[in-house]
Amino acid sequence: MLPARHRMRRSEDFSDAVRRGARSGARRLVVHLRAGAQTDHWPTSGRDDRAVLVGFVVPKAVGNAVRRNEVKRRLRALMAQRLQLLEAGTRIVVRALPPAAGASSAELAHDLDRALAGARRREDSRTGAARGTS
């Protein structure tokens, strides 16, 4: 289970990760990743701003409420296993696509790893260019 301190709850965090983060998709999901080095401007609300935060978007197109909650639970468990691999302060939004409803946990894990790797590559290339490293 994903610990409470790692759950994204504020709409500002979701918006920032989706709008300013690097995006990468796979067959069953899309990941938006905003690296931790860029979180200095976020307002503090008494919580640890250096904690990795993860949010999930599972639209009605995935299925009924029972199916959406099942997909969300499985994605939470998969992200909990990957928290230690992420840089402090990173914000991640995982958006499930309709094919996620019929996917096994192994298939979701494969897509999640692929999308996370792609988003990290894109974020690294953007932040490297912004810092002036060539």
Side-chain angles (χ1 to χ4, degrees):
M1 171 174 266
L2 189 66
R5 71 185 213 101
H6 295 289
R7 293 183 192 155
M8 189 179 290
R9 291 191 173 96
R10 297 179 346 167
S11 64
E12 296 86 17
D13 290 332
F14 275 90
S15 296
D16 190 63
V18 170
R19 290 183 183 147
R20 296 183 184 178
R23 180 181 59 142
S24 182
R27 182 169 182 259
R28 297 167 190 92
L29 50 87
V30 175
V31 169
H32 300 268
L33 183 143
R34 181 118 160 97
Q38 302 170 354
T39 62
D40 297 336
H41 71 281
W42 289 342
T44 57
S45 60
R47 68 158 203 264
D48 179 10
D49 280 343
R50 300 306 297 163
V52 174
L53 291 182
V54 183
F56 301 92
V57 177
V58 184
K60 287 185 178 182
V62 171
N64 63 20
V66 172
R67 178 65 72 179
R68 292 193 312 269
N69 285 327
E70 175 192 358
V71 169
K72 213 179 312 184
R73 275 193 308 272
R74 291 183 356 193
L75 288 171
R76 272 193 210 114
L78 291 169
M79 279 306 302
Q81 297 168 359
R82 290 155 177 79
L83 285 175
Q84 71 278 4
L85 305 174
L86 300 167
E87 179 184 349
T90 299
R91 302 316 193 235
I92 296 175
V93 173
V94 179
R95 183 168 37 99
L97 300 174
S104 69
S105 291
E107 291 170 328
L108 285 176
H110 174 69
D111 282 359
L112 182 59
D113 289 337
R114 202 169 123 213
L116 278 171
R120 271 196 210 127
R121 277 193 310 274
R122 284 188 175 94
E123 184 73 4
D124 289 346
S125 68
R126 281 192 336 186
T127 56
R131 288 185 198 131
T133 57
S134 305

Determine, step by step, whether L83 and V54 satisfy the side-chain contact (heavy atoms from CB on, under 4.5 Å) criterion, reporting the C-alpha distance in whole Å, the side-chain angles of both residues, the deciding distance to 0.1 Å, and the verdict.
CA-CA 9 Å; L83 285 175; V54 183; 4.1 Å; yes
Mind listing the closest non-hydrogen atom pair of V71 and A96 along with its distance?
CG1-CB, 4.0 Å
Other than V30, which residues form its hydrophobic cluster under the rule that side-chain heavy atoms must be closer than 4.5 Å?
L97
With sequence neighbours excluded, tell me which residues meet salt bridge (charged side-chain N to carboxylate O under 4.0 Å, His left out) with R67.
E70
Side chain to side chain contact (heavy atoms under 4.5 Å, CB included) against S11, all qualifying residues, sequence neighbours excluded:
none
Looking at L108 and A100, what are the two nearest heavy atoms and their distance?
CD2-CB, 4.0 Å
Nearest-0.5 Å distance that lies between atom CZ in R19 and atom CD in E12:
10.5 Å
Determine all donor-acceptor pairs shorter than 3.5 Å in which one atom belongs to a side chain in residues 112-119; sequence neighbours excluded.
unit_1 : atom_1 : unit_2 : atom_2 : d
D113   : OD1    : R82    : NE     : 2.5
D113   : OD1    : R82    : NH2    : 3.3
D113   : OD2    : R82    : NH2    : 3.3

Could you pull out the closest heavy-atom pair between A35 and E87, with the gap in Å?
CB-OE1, 4.3 Å
Working for salt bridge (Lys or Arg N to Asp or Glu O under 4.0 Å), residues D16 and R91:
CA-CA 8 Å; D16 190 63; R91 302 316 193 235; over 6 Å; no
Which pair of heavy atoms, one from L53 and one from M8, lies closest together, and at what distance?
O-CE, 3.7 Å
By salt bridge (charged side-chain N to carboxylate O under 4.0 Å, His left out) - contacts of R7 (at least two apart)
none
Check side chain to side chain contact (heavy atoms under 4.5 Å, CB included) between R120 and all other residues, then give those that pass, not counting sequence neighbours.
L33, L85, L86
Report the residues that fulfil side chain to side chain contact (heavy atoms under 4.5 Å, CB included) with R76, sequence neighbours left out, ordered by chain and then residue number.
L2, F56, K72, R73
Identify the heavy atoms of V52 and A88 that sit nearest to each other, and give their distance.
CG2-CA, 4.4 Å
Can you pull out every side-chain hydrogen bond (donor to acceptor under 3.5 Å, both in side chains) where at least one residue sits in residues 21-33? Sequence neighbours excluded, please.
S24-R122, R28-D111
